[in-house]
Amino acid sequence: MSTLRIKRGGKEISVAFDGAGLLTQVLREHGMMIATPCGGKGVCGKCRVRAEGALSAPTARERACLSPEEIAGGTRLACQTVLQGDAVVSVPDASDFMNIQLEGTLPEFPHHPMKGRYGLAADIGTTTLALRLVDLKRRALLKAAAAVNPQNGVAADVIGRIEAALNGEGKMLQALVTREIENTLQSLCADCGISSGEIGPAVMAGNTTMLYLLTGRDPTTLSRAPFAADCLFHLRTDGGALGMRSVAGVNICLPACVGAFVGADIVCGVLASGMCKRKDTAMLVDLGTNGEIALWHGGTLYCCATAAGPAFEGANIRHGAGSVPGAIDSVWVQGGRLAYTTMGGRKPVGICGSGLIDATAAMLKLGLVDETGLMEADEVFISDDIGLTQKDIRSIQLAKGAIAAGIKTICGHVGISAGQIETLYIAGGFGSHISVLNAVAIGLIPRELTGRAAVLGNASLTGAEMMLLNESYVESAAKLAHSAVSVPLGGSAAFAEHYMNSMMFD
Amino acid sequence: MNLFEEISENLQKGNARGVKDLVQQAIDERRPAKEILDEGLLSGMSIIGEKFKNNEIFVPEVLVAARAMNMGAALLKPLLKEAGVKACGKACIGTVKGDLHDIGKNLVKMMMEGKGFEVIDLGTDVAPETFVETAAKENCQIICLSALLTTTMSGMEDVVKAAEAAGIRDKVKIMVGGAPLTDAFCRKIGADAYAPDAASAADKAVEFCSA
């Protein structure tokens with residue numbers, strides 16, 4: 001057994017590992033990740049770290065990527081460096097180094113599971129459904145699966161679906177989503193060799209509209225101002241009541257929502273982040289269509305939602321894509337040109353949220369887009385046939401401007417500056433990992449938060465899983481949701497002013 | 001470059017401080033307020049409107065340019081009043097009941113002000129009666145309605161009906177706009193014009209008032 005000491009921003013942790021291991025791999029196994037935009041091929045140079053101890057010699061690729069001075073000074077590429085024994089690694093504070101919530105890797109918390117052998121955690125997103133099957137007694141993730149929310153076929157956005165429900169298609173929308181959950185669950189169970197009859201409880205998180213549609217509730221109050229939702233959930237029901245015959249006996253928990261625009265998915269994300277256990281100030285941002293923001297300050301949770309639009313989920317972008325195989329998920333400048341990776345290394349089919357953020361930052365760096373967002377070319381190609389147009393850049397400006405303005409407005413409401421936020425948690429379905437540095441470069445998140453951001457991935461699903469494994473979280477999350485303060489942005493002069501100032505790239 | 005061109009250039013760049021200083025300079029040089037407005041501010045804003053329509057510039061530039069225009073216009077306002085200069089038309093504008101979106105509405109307002117209109121902004125979530133009462137009381141020639149939600153755009157028809165009920169329908173033109181709208185919808189509810197973007201809305205308004 002060898003020890004790796006990890007130094008970052010004045011803090012140090014030690015982790016143990018067996019045998020020889022690739023540095024990126026060992027870090028990842030301990031829930032930490034260095035972004036490797038080139039897929040660990042040793043060509044992009046983004047995973048630079050300082051390392052010493054029992055290490056492999058620098059590879060030819062490292063020598064090509066790093067200067068002789070850097071190598072002499074102990075700089076290495078984490079994706080090329082093999083740990084052969086005890087070692088120390090220092091990661092610059094402002095790097096793309098981030099903690100991510102690995103699938104199934106939960107924070108430490110007491111184990112008081114809901115009743116039953118197995119449990120289901122689900123996040124019902126507007127775009128995708130994500131499910132985790134959990135062994136409640138052994139506290140182990142059996143398997144996770146994702147599916148497209150079939151309600152997409154009716155309307156891609158929340159308002160379109162609310163309208164359809166108001167026009168008498170509510171039952172159909174409910175059937176679409178419940179059937180897809182049942183189908184996905186069936187194949188999960190088959191893969192794990194268990195029968196769906198062995199599932200006891202389920203926790204289903206989602207935004208407020210998705211929970212209305214799941215339960216077949218009339219969404220009139222969600223359709224117009226003052227957007228006062230007449231149900232904030234924190235309910236128990238069963239599969240039979242929702243029309244899910246194959247899991248009729250499953251006890252389903254629908255966690256509490258804060259309001260029409262801040263739903264159980266955000267409440268679960270806040271739970272997963274652990275931010276409300278902190279003494280200091282922290283923020284969670286969900287980079288989805290509604291751009292929900294939760295700020296924990298002085299023992300109170302403040303929430304708002306900005307109409308960011310679905311750009312970071314790939315909609316409104318000509319070649320936009322969700323986090324699907326072949327989506328361009330990272331872009332960087334190499335030799336004065338754009339280089340990229342795709343999810344799963346497949347042939348590029350589109351560009352997802354993390355890729356959009358990277359591509360915009362790279363285009364700014366190369367001067368292909370100016371600080372007002374103006375492009376000289378009609379289209380800038382990233383791969384042979386996937387590129388960004390002027391209209392795409394405008395959509396990104398609107399989306400990032402809305403999020404940035406939301407952050408500034410909620411901070412202003414509470415009377416703090418962005419610099420007082422100790423940690424920024426980023427949740428959302430934008431791809432495997434976003435580059436915090438690039439998010440800062442395009443003005444999506446405030447510069448002061450460089451090096452203080454943690455990417456959580458699907459935090460809503462993790463929060464739902466935590467509720468399965470410790471039932472008391474259902475109550476504590478409901479308390480938090482009910483005492484949360486909603487900060488309205490619609491009609492706010494401060495928001496309008498921040499929005500105008502946040503759309504530019506400067 | 002003469003002073004008016006300089007005002008126009010600074011406005012197009014969104015340099016609010018520059019516009020303010022240059023307008024003040026023009027006032028100090030005793031140029032007529034109407035000339036400063038037309039040849040400096042409005043001429044700059046009309047270039048912005050054209051570029052916006054052609055997709056060369058986008059919402060942020062329009063917003064910053066309009067902010068710069070407003071800084072200059074604020075200085076001119078008392079002088080214009082003193083000189084008895086009238087606006088080219090008067091309109092009230094708002095987002096319909098149940099809808100809180102205001103960016104599109106604000107853009108239309110700015111573009112219309114950029115054409116020399118006096119625009120009364122009723123804000124968001126505005127009841128049909130408020131539109132009609134304001135138009136009657138303030139002698140507006142135009143009512144502008146905005147909606148971004150498919151669930152709220154039906155509220156536009158309520159405004160048309162309220163204007164009929166109040167007996168002012170023949171005195172005002174009703175213009176509608178917003179992402180989910182179409183020209184067909186405009187005709188269906190009996191409104192007078194649909195505009196696909198803010199610059200076109202301002203052009204349409206000028207047409208109505210010069211007819």
Side-chain angles (χ1 to χ4, degrees), chain A residues 155 157-167 219-227 260-261 305-307 309 316 369-376 378 389-398 400-402 405 443 488-493 495-506, chain B residues 12-16 48 51-71 94-107 109-110 121-128 130 146-156 158 178-181 185 197:
Chain A
D157 63 310
V158 166
I159 286 293
R161 285 186 219 171
I162 290 173
E163 205 197 354
L166 295 178
N167 290 334
T220 301
T221 54
L222 304 182
S223 71
R224 44 179 55 232
F227 302 101
F261 296 125
T306 71
N316 281 359
V369 172
D370 74 12
E371 73 280 2
T372 71
L374 184 68
M375 284 168 59
E376 248 177 50
D378 291 337
T389 64
Q390 180 70 71
K391 200 169 153 282
D392 295 337
I393 292 290
R394 300 308 192 190
S395 295
I396 292 165
Q397 285 180 275
L398 284 176
K400 73 105 185 176
L489 300 183
S492 150
F495 178 74
E497 176 78 13
H498 284 311
Y499 196 12
M500 172 168 8
N501 293 331
S502 303
M503 277 190 236
M504 300 285 195
F505 298 115
D506 47 18
Chain B
Q12 291 172 50
K13 283 188 200 135
N15 182 357
I48 286 286
K51 284 187 174 171
F52 180 66
K53 207 160 37 175
N54 298 334
N55 231 335
E56 287 169 55
I57 59 167
F58 192 49
V59 185
E61 289 101 313
V62 176
L63 292 175
V64 295
R67 183 168 56 174
M69 184 185 78
N70 288 339
M71 295 280 269
T95 308
V96 296
K97 184 139 198 63
D99 204 320
L100 297 176
H101 295 85
D102 61 356
I103 290 174
K105 183 262 297 170
N106 292 346
L107 281 171
K109 179 188 168 202
M110 290 165 191
D121 188 351
L122 299 172
T124 62
D125 192 16
V126 181
T130 311
S146 165
L148 201 83
L149 304 179
T150 45
T151 51
T152 57
M153 60 193 241
S154 58
M156 294 176 159
D158 300 337
L181 268 75
F185 175 81
D197 62 76

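Everything quoted here is computed from the prediction, not taken from an experiment. Lettering follows sequence order; numbering is per chain, from 1.
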Close side-chain approach of [X] and [Y], heavy atoms under 4.5 Å:
{"X": "B/Phe58", "Y": "A/Leu398", "result": "yes"}
{"X": "B/Leu63", "Y": "A/Glu497", "result": "no"}
{"X": "A/Thr372", "Y": "B/Ile57", "result": "no"}

*Option in B/Asp99, B/Leu100, B/Leu148 with maximal non-hydrogen atom pairs under 4.5 Å from chain A*: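 The candidate making the most pairs under 4.5 Å is B/Leu100.
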
*With chain A, which of B/Thr152, B/Ile103, B/Thr150, B/Leu149 has the greatest number of heavy-atom pairs at distances under 4.5 Å?*
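Looking at each of B/Thr152, B/Ile103, B/Thr150, B/Leu149 in turn, B/Thr150 comes out on top.
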
*So, A/Glu163 and B/Thr151: side-chain donor and acceptor under 3.5 Å apart, yes or no?*
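Side chains of A/Glu163 and B/Thr151: no pair found under 3.5 Å.
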
*Is it the case that more than 12 heavy atoms not belonging to B/Lys53 sit under 6.0 Å from its NZ atom?*
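Atom NZ in B/Lys53 is crowded, with more than 12 foreign heavy atoms closer than 6.0 Å.
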
*Taking everything shown except A/Asn167 itself, do over 12 heavy atoms lie less than 6.0 Å from its CG?*
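Atom CG in A/Asn167 is crowded, with more than 12 foreign heavy atoms closer than 6.0 Å.
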
*Can you say whether B/Asp102 sits under 4.5 Å from chain A via the side chain, the backbone, both, or neither, judging by heavy atoms?*
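The answer is the side chain of B/Asp102.
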
_Salt-bridge contact B/Lys13-A/Glu371 (side-chain N to carboxylate O under 4.0 Å)_ =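 No salt bridge links B/Lys13 with A/Glu371.
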
*Sort A/Asp157 into side chain, backbone, both or neither according to what part of it lies under 4.5 angstrom from a heavy atom of chain B.*
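Contact with chain B involves no heavy atom of A/Asp157 at all.
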
*Of all heavy-atom pairs between A/Met500 and B/Val64, which one has the smallest distance, and what is that distance?*
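Smallest interatomic distance, heavy atoms only, reads SD-N, 3.9 Å.
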
